[in-house]
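Have a look at the structure below, then the notes.
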Amino acid sequence: MSDTLNIDGAFLSEEHRLLRDQVQRLVREEIQPSADQWEEDGRVPDSVFRRLGELGLLGLAFPEADGGSGMDAVASLILNEELGRSGYGGPTAGLTVHTDMSALHLARVGTAEQKARFLPRILTGETICALGVTEPAGGSDLTRIATTARREDDTYILNGSKTFITNANIADVFFVIARTSAEARGGSGFSLFVVQRDTPGFSNGERFKKTGWHGSDTGELRFDEARVPAANLLGEEGRGFYYMMKGLDHERLCAAGQVLGLAQAAIDHTLEWTRGRQAFGGVLWDLQVIRHEMAKLATELLAARAFTYLVAMKAARGEPIQMEGAMLKAHVPELGNRIAYKCVQYHGGGGYIHGTPVERISRDLRLLSIGGGASEVMYDEVAKRL
Ligand SMILES: Cc1cc2nc3c(=O)[nH]c(=O)nc-3n(C[C@H](O)[C@H](O)[C@H](O)COP(=O)(O)OP(=O)(O)OC[C@H]3O[C@@H](n4cnc5c(N)ncnc54)[C@H](O)[C@@H]3O)c2cc1C
């Protein structure tokens, strides 16, 4: 990124800047050199989770009292953006489901006993986490969740399935939402559980081949009379939907951060390419139509980036960001997809060939306007609050 596009001075503390440097170094030295292999393997190796744990990067959003770094939403945004700037959306997804989308529920509503049991190994990366919300009957409309949990003495018996789950086949613990009341309607009657891989009655189903995010594992979770100790219920029974909603603002901010990074990587690659590619007696960059389009996209991305950091700062002050979080999740991925489209276009045939960074980035960006809240649903969330 050109220095003139650097807005960090307006938003970041010294601690944030050091964090950005640290993650950039990790990406350059330890992620990019191996990420093509992870794309082939369809997953991030366990050792990478542990490496992020060693560096303290798995606990940025966790309070110090829980063993985390007690940093703010801006720090989480930096982590997500810089992982995205690696140009590999799959590894970014696998790692950030762990850091920002699942285990934080323990910090938010876990008891001291639950935190002591799970968090130390989650923060070192010895335990890998996943989030189980989406079901075959629907992901956007969470009230359609059909997985049930019925209480029997000191156990909940889970029946049902979850689909399209990141880290499904590699995670050790799953943060799962299920119906605990036959009358569950609207947001009431759902509960949140920590389900351990060795739970009797738990299994994985299909492992999915995907358009993009090749470096992340995606699969199904199946619960067939799965016996989950009542001690693994998070918070109060019947409040699970509410807890999920509380986590969504942070997830949306982090998803927007990933898009910012991936889209910036696409722009960087395309600037380099168009400035070198010979055509019509000059280089592509000499053609005004291309130069102007890149200038417009860079402008829009910088505006989106500034907005995203403003929202993160608001979250860091403890202010609600429901509307802004939905705005980010609706707008930034749609912009990212427009940027990817043009960056592929200006790479010509090479932009469609496997192995070209913009080809991968365009596939990886495609999901971000669907997963974790489709744009249409997000615009509804915004409209409700206007
Ligand atoms: C690679 C990958 C990884 C994923 N990881 C996870 C994970 O870790 N955990 C997890 O729980 N889920 C995960 N998901 C699931 C993802 O969050 C859902 O796919 C997403 O929420 C959409 O749900 P759906 O697929 O059921 O689509 P549907 O809910 O059936 O919606 C289909 C489409 O209909 C449109 N639509 C829906 N509702 C409305 C509306 N109200 N107004 C207008 N249009 C609407 C949207 O365009 C939407 O994309 C993942 C998905 C993929 C592909």
Side-chain angles (χ1 to χ4, degrees), residues 43-44 49 58-59 61-62 76 79-80 83 89-110 114 118-119 122-123 125 127-142 144-147 149 158 160-179 190-197 199 202 204-205 207-208 210 213 216-223 226 228 232-235 239-255 257-258 325 329 367-368 370-374 377:
R43 59 161 299 178
V44 180
F49 287 87
L58 298 182
F62 291 77
S76 301
L79 176 71
N80 280 267
L83 290 176
T92 300
L95 292 167
T96 57
V97 159
H98 180 97
T99 53
D100 292 295
M101 324 257 170
S102 52
L104 274 172
H105 289 298
L106 264 172
R108 291 189 192 105
V109 289
Q114 289 169 331
F118 293 112
L119 273 183
I122 288 174
L123 295 179
T127 293
I128 297 174
C129 301
L131 178 71
V133 178
T134 305
E135 299 199 356
S140 301
D141 181 0
L142 298 183
R144 290 181 56 77
I145 287 170
T147 297
L158 269 63
S161 67
K162 301 284 175 182
T163 194
F164 308 149
I165 304 305
T166 303
N167 295 342
N169 300 284
I170 66 170
D172 305 290
V173 299
F174 304 89
F175 291 77
V176 171
I177 187 159
R179 281 174 185 268
F190 296 91
S191 302
L192 190 56
F193 298 92
V194 186
V195 180
Q196 292 158 273
R197 174 165 287 286
T199 300
F202 167 79
N204 282 125
R207 186 175 211 150
F208 297 108
K210 310 183 289 290
W213 282 24
S216 70
D217 168 68
T218 312
E220 289 178 323
L221 315 180
R222 291 188 178 160
F223 309 100
V228 176
N232 286 15
L233 170 73
L234 280 178
R239 302 267 294 158
F241 196 87
Y242 171 76
Y243 302 142
M244 291 302 302
M245 291 296 164
K246 289 278 271 189
L248 287 178
D249 296 336
H250 186 76
E251 289 178 29
R252 291 169 185 167
L253 176 69
C254 290
Q258 293 174 29
K329 183 66 185 65
L367 180 65
L368 283 148
I370 300 172
V377 180

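What you see is a predicted model; the values in this text were computed from it and never measured.
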How far apart are the closest heavy atoms of [X] and [Y], and which atoms are they?
{"X": "Ser102", "Y": "Ala130", "answer": "CB-O, 3.6 Å"}
{"X": "Leu233", "Y": "Ser191", "answer": "CD1-CB, 3.7 Å"}
{"X": "Arg197", "Y": "Phe202", "answer": "O-CD2, 3.5 Å"}
{"X": "Leu131", "Y": "Val97", "answer": "N-CG1, 4.1 Å"}
{"X": "Thr127", "Y": "His98", "answer": "O-CE1, 2.9 Å"}

In this structure, are over 12 heavy atoms from other groups packed under 6.0 Å from [X] atom [atom1]?
{"X": "Arg144", "atom1": "CZ", "value": "no"}
{"X": "Phe208", "atom1": "CZ", "value": "yes"}
{"X": "Lys210", "atom1": "NZ", "value": "yes"}

Between Cys254 and Thr96, does a side-chain contact (heavy atoms from CB on, under 4.5 Å) hold up when you go through it step by step? CA-CA 8 Å; Cys254 290; Thr96 57; 5.9 Å; no
Can you tell me how far the CZ atom of Phe62 sits from the CZ atom of Arg108, to the nearest 0.5 Å?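 Phe62 atom CZ to Arg108 atom CZ measures 8.5 Å (nearest 0.5 Å).
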Got a second to check how far Thr166's OG1 is from Trp213's CH2, nearest 0.5 Å?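 If I round to the nearest 0.5 Å, the distance is 5.0 Å.
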Sub-4.5 Å side-chain heavy-atom contact between Asp100 and His250: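 Asp100 vs His250: side chains touch.
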Could you check whether any side-chain heavy atom of Leu234 comes within less than 4.5 Å of a side-chain heavy atom of Leu106, counting everything from C-beta outward?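 Sidechains of Leu106 and Leu234: in contact.
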Check whether any side-chain N or O of Lys162 sits under 3.5 Å from a backbone N or O of Ala168 as a donor-acceptor pair, and report yes or no.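 No, Lys162 side chain to Ala168 backbone: no donor-acceptor pair under 3.5 Å.
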Is the side chain of Asn167 donor-acceptor paired with the backbone N or O of Cys129 at a distance under 3.5 Å, no angle test?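 Here the side-chain-to-backbone pair exists.
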